[in-house]
Amino acid sequence: MESDIMNIKIERVENSRIQEVDFENIPFGKEFADHMFVADYKDGKWGDFRIIPYGGMAFYPAMLGLHYGQTIFEGMKAYRNTSGEIMMFRPIDNFNRLNRSAERMCMPTIPVDLMMEALRELIKIDEDWVPKNQDAALYIRPFMFATDEFLGVKPSEKYRCVIFTGPVGPYYTTPLKVMVEDHYTRAAKGGTGSAKAGGNYGGALYPTKLAQQKGYHQILWTDSFEHKYIEESGTMNVMFQIGDALVTPPTGDTILQGITRDSVLKLAADIGIEVDERRISVDEIKQAYESGQLKDAFGVGTAATIAPIELIGYQGEDMMLPPVSERQLSKRISEGLKEIRYGKVEDRFGWMVSMN
Ligand SMILES: *Cc1c(COP(=O)(O)O)cnc(C)c1O
């Protein structure tokens with residue numbers, strides 16, 4: 001499925017909506033930039049590449065993607081560095097993961113160089129939408145869905161891939177209260193948990209709503225088999241500081257391979273923090289808490305970056321973690337990532353890709 005020389009048709013908006021956006025005060029996920037990239041897959045290949053005004057799309061009620069869940073997505077960010085250049089954080093890893101999700105969901109892969117070229121064009125056209133203030137970024141949402149009109153349960157033969165973007169501020173603005181989930185399951189062994197597939201998120205809404213009714217923000221998921229081992233929190237990977245070590249569960253088919261997670265582990269090891277990827281039981285967390293060794297806990301993901309966890313609820317009792325202002329480890333990592341993203345230090349890992 002090689003792309004020939006990519007020919008993107010471009011239709012620009014007549015009037016930009018950018019004046020309507022308050023860049024000093026951007027909420028998460030409510031503002032969308034002027035344009036989007038669209039590609040269609042049929043007869044075994046991708047084509048009809050176009051950049052058009054962001055807006056509605058027509059579809060038929062029998063469209064497969066709406067019925068049986070062949071829909072996958074990615075989430076990534078573009079930053080404006082201190083010299084004004086637009087930089088992406090590890091975008092190739094995101095497009096590779098989109099293709100892994102595609103394979104799991106019986107959807108066609110899409111060449112990474114094609115996606116990178118499309119993204120470059122899109123960002124060039126909407127470059128004014130990349131925020132200039134720190135702590136803000138242009139969020140980028142590539143996604144793909146099945147477009148056949150057919151009612152049988154089978155892989156679609158036609159698909160659409162879209163990339164749209166929008167300026168975002170912080171995802172969470174306060175430290176998180178999370179609840180250990182010991183009944184519902186996000187992902188099971190052999191399931192689709194390691195794919196960014198729509199159904200995983202739909203299925204998580206109800207248990208999350210129940211946790212929110214009890215006063216928590218998010219769920220701390222445990223394994224589906226015994227509900228004994230920690231997996232992820234909401235749509236973030238999760239990390240703990242136990243004693244001096246940074247501990248996080250290994251990824252697998254129930255834990256998404258987060259790019260932020262991987263970056264945090266590499267950065268932590270680089271600055272001399274002991275990193276330990278292993279299963280962590282809820283009991284271990286409880287014991288570490290009781291002995292005063294549980295010093296820090298936080299979620300990691302593109303949208304939230306590093307989201308400190310304030311308390312962990314388990315079977316009706318809350319474990320209060322040390323005040324966020326006293327947490328040295330996550331602060332160092334968070335600052336370290338920020339310095340790389342905004343180009344304040346040398347990018348010694350080769351993570352940043354210039355979009356100019
Ligand atoms: C997207 C996602 C993450 C975070 O991945 P990043 O690549 O760091 O953004 C973690 N867990 C789940 C379930 C996710 O969907």
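All values derive from a computational prediction rather than experimental measurement. Order of listing sets the numbers, starting from 1, for every ligand and every atom in it. Positions are given from 1 along the sequence. Side chains are part of it too, since the values below use all heavy atoms of this structure and drop only hydrogens, waters and symmetry mates.
Applying the salt bridge (charged side-chain N to carboxylate O under 4.0 Å, His left out) test to pairs two or more places apart or on separate chains, those with a residue in residues 91-112 are Glu74-Arg97, Arg90-Asp93.
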Indicate every side-chain donor-acceptor pair of residues 200-210 with a distance under 3.5 Å to a residue at least two apart or in another chain.
from   : atom 1 : to     : atom 2 : distance (Å)
Asn200 : OD1    : Thr192 : OG1    : 2.7
Asn200 : ND2    : Thr192 : O      : 2.9
Asn200 : ND2    : Ala195 : O      : 2.9
Thr208 : OG1    : Ala204 : O      : 2.6

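Residues passing the ring-ring contact (aromatic ring centres under 6.0 Å, His included) test with Tyr68: none are found, sequence neighbours excluded.
Under the 30°/60° scheme for interplanar angles, the aromatic rings of Phe49 and Phe37 are found to lie parallel.
Under a cut-off of 6.0 angstrom, the local environment of CD in Glu317 is sparse, with at most 12 non-hydrogen atoms contributed by other residues, nucleotides or ligands.
In summary, the aromatic rings of Tyr139 and Phe28 are positioned with their centroids under 6.0 Å apart.
The protein residues lying under 4.0 angstrom from ligand 1, judged by non-hydrogen atoms, are Arg97, Arg186, Lys196, Tyr201, Glu232, Thr235, Met236, Asn237, Leu256, Gly258, Ile259, Thr260, Gly301, Thr302.
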